[in-house]
Amino acid sequence: QVQLVESGGDLVQPGGSLRLSCSVSGIQINTFPMGWYRQAPGKQRILVATTYPTNYAEFAKGRFTISRDNGKNTIYLEMNSLKPEDTAVYYCNRVLSESRFNWGQGTQVTVSS
């Protein structure tokens with residue numbers, strides 16, 4: 001069974017930085033397209049960034065960097081210059097909806113002064 005475990009979320013002040021990790025087990029990601037998503041309370045889950053190809057949502061451009069370590073089977077999201085509107089639970093998964101894995105628990109990012 002494929003499992004996705006997100007970590008690295010925390011409470012940070014505006015302008016702060018975080019590095020999120022997504023550890024994948026049960027399948028080798030290699031060049032497999034993956035993405036980071038986020039969901040704020042009462043909101044829909046939205047796409048933040050993808051790999052293979054690398055793309056970013058407009059709100060993430062210039063601030064977030066997605067990367068992957070195939071040897072560790074892990075995907076990362078480096079987030080800088082965080083804003084209160086970045087507050088959400090962050091998840092990783094396949095980009096194609098028809099082939100998504102079961103969602104993990106996500107990791108909470110809270111940006112507040």
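Across every non-hydrogen atom of S113 and P14, the tightest pair is N-CD, 3.7 Å. Across every non-hydrogen atom of A60 and V48, the tightest pair is CB-O, 4.0 Å. Shown here for M79 and V109, the closest heavy-atom pair between the two residues is CE-CG2, 3.8 Å. Heavy atoms only, all atoms of each residue included: D86 and Y90 are closest at O-OH, 2.7 Å. Summarising the geometry of L11 relative to S112, their closest heavy-atom pair is CD1-CB, 4.3 Å, with the distance given to 0.1 Å. Residues L47 and A57 come closest through the heavy atom pair O-CB, 3.6 Å.
Using a 4.5 Å heavy-atom cutoff, the side chains of F64 and L82 are in contact. Side-chain atoms of R94 and M34, non-hydrogen and from C-beta on, do get closer than 4.5 Å to each other. Side chains of N70 and I29 form a contact here, defined as non-hydrogen atoms less than 4.5 Å apart. Taking the side chain as every heavy atom from C-beta outward, F32 and T51 never approach each other to under 4.5 Å. Here the side chains of L4 and Y91 are not in contact, with every heavy-atom distance at 4.5 Å or above.
For the pair N93 (side chain) and F101 (backbone), a donor-acceptor distance under 3.5 Å is present. Not one N or O on the side chain of R68 forms a donor-acceptor pair closer than 3.5 Å with the backbone of N73. Judged by distance alone, the side chain of T50 and the main-chain N or O of P53 form a donor-acceptor pair under 3.5 Å.
For residues 72-85, the pairs satisfying salt bridge (charged side-chain N to carboxylate O under 4.0 Å, His left out) are R19-E78, with sequence neighbours left out.
If you take CD on Q105 and OG on S7, they are separated by 13.0 Å, rounding to the nearest 0.5 Å. Note: T110 OG1 to D10 CG = 8.5 Å, rounded to the nearest 0.5 Å. Here OG1 of T74 is found 6.5 Å from CG of D69. Values are rounded to the nearest 0.5 Å.
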Pair Q3-N102, side-chain contact (heavy atoms from CB on, under 4.5 Å): steps then yes or no: CA-CA 7 Å; Q3 290 187 321; N102 290 333; over 6 Å; no
field: Stepwise side-chain contact (heavy atoms from CB on, under 4.5 Å) test for W36 and E6
entry: CA-CA 10 Å; W36 280 97; E6 300 92 347; 4.0 Å; yes
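Side-chain heavy atoms closer than 4.5 Å link hydrophobic residues (I, L, V, M, F, W, Y) into clusters, and following such links, even through other members, never connects I66 to Y76. Note on L20 and V12: same hydrophobic cluster, where clusters join Ile, Leu, Val, Met, Phe, Trp and Tyr whose side-chain heavy atoms are under 4.5 Å apart, directly or indirectly. I46 and W103 fall into different hydrophobic clusters, where Ile, Leu, Val, Met, Phe, Trp and Tyr side chains are chained together by heavy-atom contacts under 4.5 Å.
The side-chain tip of R38 points at the ring of F59 from less than 6.0 angstrom away and within 45° of straight on.
E98 meets the salt bridge (Lys or Arg N to Asp or Glu O under 4.0 Å) test with no other residue; sequence neighbours excluded.
For Q108, the CD atom sits in a packed shell: over 12 heavy atoms of surrounding residues, nucleotides or ligands are nearer than 6.0 Å.
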